[in-house]
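Just so it is clear, the model here is predicted, and its values are computed rather than measured.
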Amino acid sequence: MPHTQMELLVGYQGTEGAYSQLAAKHHFDRRGDLVRAVGYHSFREMLEALKSAEIDYAVLPIENSIAGSINESYDLLAKMGLSLVGEEYQPIAHCLIGAAQVPVSEIRRVYSHPVALAQCGEFLESLEDCHVEAFVDTAMAVEKVKQDADPHQAAIASEQAALLHGLPILRRDIADHPENYTRMVIVAAGPEHYDPRVPCKTSLIFSTIHEQGALARCISIFADRGLNLTKIESRPKPHSPFEYLFYVDFEGSVDRRTTQEALKELESVTTFLTVLGSYPIGRTGVS
C-alpha cells in the first residue's frame with residue numbers, strides 16, 4: 001500500500017466517521033504525526049494487517065464505560081503477539097441520523113452496532129412500532145440509511161458520520177447515560193519505550209496454577225510493591241474448560257525496576273504470562 005515516507009497508516013474497524021477513526025485522529029494529532037486512517041471490516045482483519053506490516057498502528061476498542069469489556073478484542077490480543085503502545089478514551093455521543101428530516105415518530109427501523117443499540121435502550125424503547133437491527137458498524141449503518149434513502153429508516157452513530165454523508169440528525173444525545181466513553185488501545189507490531197517521567201500503565205495476561213489462593217498470591221505481588229491495579233478481569237481459557245486467563249492493568253512501566261521485579265516473581269507463580277505492553281496513561285477528561 002503506497003504512502004509517503006512521513007505518513008503513518010493507522011487501521012480502524014469500520015468506515016469513515018466511525019468512533020475508532022475519531023480516536024485515531026485525536027491520538028495521533030496530539031503526537032503531531034501525519035496519518036492516513038485505513039478502515040477494515042473486522043478487528044481480526046485489522047490486526048492481521050498490522051502483523052503483516054500493511055499498516056503501522058491499529059486502534060482497537062477494548063472496553064466501554066457503560067457496556068463493559070469488548071471480549072473479542074481481549075481474545076485477539078491474547079493470541080496475536082502484538083504490543084499495546086497507547087490508549088485513547090473516546091467520548092461517545094450517539095445521534096439518531098435519518099435519510100430525511102422527518103419527525104422521530106415516523107422512524108420504523110433503526111440500524112447500528114449492537115453495543116450502540118444497547119447504550120441507547122431507553123430511547124429505542126420510546127419509539128413506537130420501530131424495529132431495531134444490529135449492523136456491523138455505526139458509520140456503516142449511516143451508509144446503509146443513505147443508500148436505501150428510506151425516510152422511515154435511521155441509524156445511530158456519531159455527529160461526524162452524519163456530516164460526512166450529508167444526512168440530518170433527528171435527535172442528539174440519545175444514550176441512556178451522558179458520560180459515555182470507549183477506551184481504545186493503540187496497537188503496534190512491537191513495544192515502544194517512553195520517557196520514564198511519563199506516567200505509564202502496563203497491561204498483561206496470565207493464568208494461575210489451579211489451586212486455592214493462587215490468584216490472591218498473584219495480586220499480592222503487585223500490592224507488595226505499591227503497584228496500583230486499575231483493572232482485573234477473567235476470561236475463559238481456550239480449550240481448557242473452567243480455567244481462566246486474567247487480564248490486568250496496573251500503573252507502572254516495564255522499564256521500572258519495581259515492575260521488572262514484580263513480573264519476575266509473577267512468572268514463578270503463573271502457568272502463562274505475557275506482557276501486552278506499557279504505554280502513557282490516557283485521560284477521559286472527567287474529573
Side-chain angles (χ1 to χ4, degrees), residues 8 10 23 26-28 30-33 47 50-51 53 56-63 69 73-89 181 183-235 237 243-287:
L8 293 176
V10 179
H26 294 157
H27 185 83
F28 289 97
R30 283 200 305 275
R31 293 187 7 168
D33 292 317
L47 295 180
L50 179 62
K51 279 185 74 83
D56 300 298
Y57 295 95
V59 178
L60 181 70
I62 199 167
E63 63 180 312
S69 294
S73 296
Y74 276 108
D75 292 343
L76 287 169
L77 289 173
K79 59 189 176 185
M80 294 199 72
L82 298 168
S83 295
L84 306 188
V85 298
E87 68 177 354
E88 185 74 26
Y89 287 87
Y181 291 84
R183 179 187 172 212
M184 312 274 188
V185 288
I186 312 302
V187 191
E192 295 182 358
H193 298 277
Y194 297 91
D195 188 314
R197 294 168 296 182
V198 175
C200 281
K201 176 188 293 183
T202 295
S203 297
L204 54 83
I205 308 171
F206 66 81
S207 58
T208 64
I209 301 166
H210 193 59
E211 63 182 32
Q212 185 176 358
L215 178 59
R217 286 199 300 273
C218 292
I219 293 175
S220 69
I221 290 171
F222 297 101
D224 291 346
R225 288 168 176 79
L227 297 172
N228 181 41
L229 294 185
T230 59
K231 180 183 178 72
I232 181 167
E233 182 165 337
S234 63
R235 290 280 297 140
K237 188 176 182 180
E243 293 187 26
Y244 298 89
L245 293 173
F246 294 93
Y247 293 81
V248 170
D249 294 341
F250 64 90
E251 294 177 351
S253 168
V254 291
D255 293 328
R256 291 176 53 193
R257 188 179 64 183
T258 51
T259 301
Q260 293 168 1
E261 291 173 350
L263 293 176
K264 185 176 181 180
E265 185 175 351
L266 190 63
E267 193 172 23
S268 69
V269 296
T270 56
T271 57
F272 168 81
L273 172 65
T274 184
V275 177
L276 295 175
S278 292
Y279 46 90
I281 297 173
R283 302 295 180 191
T284 65
V286 177
S287 59

Q: Please report the closest heavy-atom contact between Ser83 and Ala189, naming both atoms and the distance.
A: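 Of all heavy-atom pairs spanning Ser83 and Ala189, the closest is OG-O, 4.3 Å.
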Q: Kindly indicate whether the side chain of Cys218, heavy atoms from C-beta on, has any atom under 4.5 Å from the side chain of Thr208.
A: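 Counting from C-beta outward, Cys218 and Thr208 do come under 4.5 Å.
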Q: Is there a side chain to side chain contact (heavy atoms under 4.5 Å, CB included) between Leu60 and Ile186 once you walk through the steps?
A: CA-CA 6 Å; Leu60 181 70; Ile186 312 302; over 6 Å; no
Q: Are His27 and Val59 side-chain neighbours, meaning at least one heavy-atom pair lies under 4.5 Å?
A: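 Side chain of His27 against side chain of Val59, heavy atoms only: no contact under 4.5 Å found.
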Q: Any chance you could measure Phe246, atom CZ, to Ile205, atom CD1, to the nearest 0.5 Å?
A: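 Those atoms lie 12.5 Å apart.
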Q: Test side chain to side chain contact (heavy atoms under 4.5 Å, CB included) on Ile219 and Ile232 and set out the steps.
A: CA-CA 10 Å; Ile219 293 175; Ile232 181 167; 4.0 Å; yes
Q: So that I can tick it off, tell me whether Arg183 and Glu88 are bridged by a salt bridge, with the cut-off set at under 4.0 angstrom between side-chain N and carboxylate O.
A: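 Salt bridge between Glu88 and Arg183, a charged N being under 4.0 Å from a carboxylate O: no.
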Q: Between NZ of Lys79 and CG of Leu245, what distance do you get to the nearest 0.5 Å?
A: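 The distance works out to 11.0 Å.
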Q: Over all heavy atoms of both residues, which pair between Ser207 and Thr271 is shortest? Give the atoms and the distance, please.
A: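 Scanning both residues completely, I find the closest heavy atoms to be OG-OG1, 2.7 Å.
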Q: Around Arg257, counting heavy atoms of other residues, nucleotides and ligands shown, do more than 12 lie under 6.0 Å from its CZ?
A: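 No, not enclosed.
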Q: Do Ile281 and Glu87 make a side-chain contact, defined as non-hydrogen atoms from C-beta onward lying under 4.5 Å apart?
A: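 Contact flag for Ile281/Glu87 side chains = yes.
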Q: Please check if the side chain of Thr259 supplies one atom and the backbone of Gly252 the other of a donor-acceptor pair under 3.5 Å.
A: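 No, Thr259 side chain to Gly252 backbone: no donor-acceptor pair under 3.5 Å.
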Q: Please tell me if the side chains of Ser69 and Tyr74 come closer than 4.5 Å, counting only heavy atoms from C-beta onward.
A: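 Yes, side chains in contact.
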Q: Report yes or no: does Tyr194 contribute a side-chain atom to a donor-acceptor pair with the main-chain N or O of Val85 at less than 3.5 Å?
A: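 Side chain of Tyr194 to backbone of Val85: a pair is present.
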Q: Check for a donor-acceptor pair, side chain of Gln260 on one end and backbone N or O of Val254 on the other, with a separation under 3.5 Å.
A: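 Judged by distance alone, yes, a pair lies under 3.5 Å.
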Q: How long is the straight-line distance from CD1 of Ile221 back to CZ of Phe250, given to the nearest 0.5 Å?
A: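 Spacing of CZ (Phe250) from CD1 (Ile221) equals 11.0 Å.
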Q: Would you say that Lys51 contacts Leu82 through its side chain, given a criterion of any heavy-atom pair below 4.5 Å between the two side chains?
A: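 The answer is yes, as the side chains (C-beta and beyond) meet within the 4.5 Å cut-off.
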Q: Please round to the nearest 0.5 Å and tell me the distance separating atom CG of Leu8 and atom CZ of Phe28.
A: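 Separation between the atoms: 6.5 Å.
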Q: Identify the two heavy atoms, one from Asp56 and one from Leu50, that lie closest to each other, and give their separation to 0.1 Å.
A: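 Of all heavy-atom pairs spanning Asp56 and Leu50, the closest is O-CD1, 3.5 Å.
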Q: Within this structure, what is the OH-CG distance for the pair Tyr247 and Leu77, rounded to the nearest 0.5 Å?
A: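 One gets 7.5 Å once the value is rounded to the nearest 0.5 Å.
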Q: Would you check, one step at a time, whether the test side chain to side chain donor-acceptor pair (under 3.5 Å) holds for Asp249 with Thr230?
A: CA-CA 5 Å; Asp249 294 341; Thr230 59; 4.6 Å; no
Q: To the closest 0.5 Å, what do you measure between OH (Tyr89) and CE (Met184)?
A: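 So the gap between those two atoms works out to 12.0 Å.
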Q: Taking C-beta and beyond as the side chain, do Leu266 and Phe222 meet within less than 4.5 Å on heavy atoms?
A: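 Yes. Closest side-chain heavy atoms under 4.5 Å.
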Q: Does any part of the side chain of Tyr279, heavy atoms only, come nearer than 4.5 Å to the side chain of Lys201, both counted from C-beta?
A: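 The answer is yes, as the side chains (C-beta and beyond) meet within the 4.5 Å cut-off.
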Q: Measure from NZ or CZ of Arg217 to the centre of the six-membered ring of Phe206 and say whether it is under 6.0 Å with the direction within 45° of the ring axis.
A: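 Relative to the ring axis of Phe206, which defines the angle, Arg217 lies outside at least one limit.
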Q: I'd like to know whether Leu227 forms a side chain to side chain contact (heavy atoms under 4.5 Å, CB included) with Glu251, so could you lay out the CA-CA distance, the side-chain angles of the two residues, the decisive distance to 0.1 Å, and finally the verdict.
A: CA-CA 6 Å; Leu227 297 172; Glu251 294 177 351; over 6 Å; no
Q: Answer whether the closest heavy-atom distance between the side chains of Glu63 and Lys231 falls below 4.5 Å.
A: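 Yes, close enough: below the 4.5 Å cut-off.
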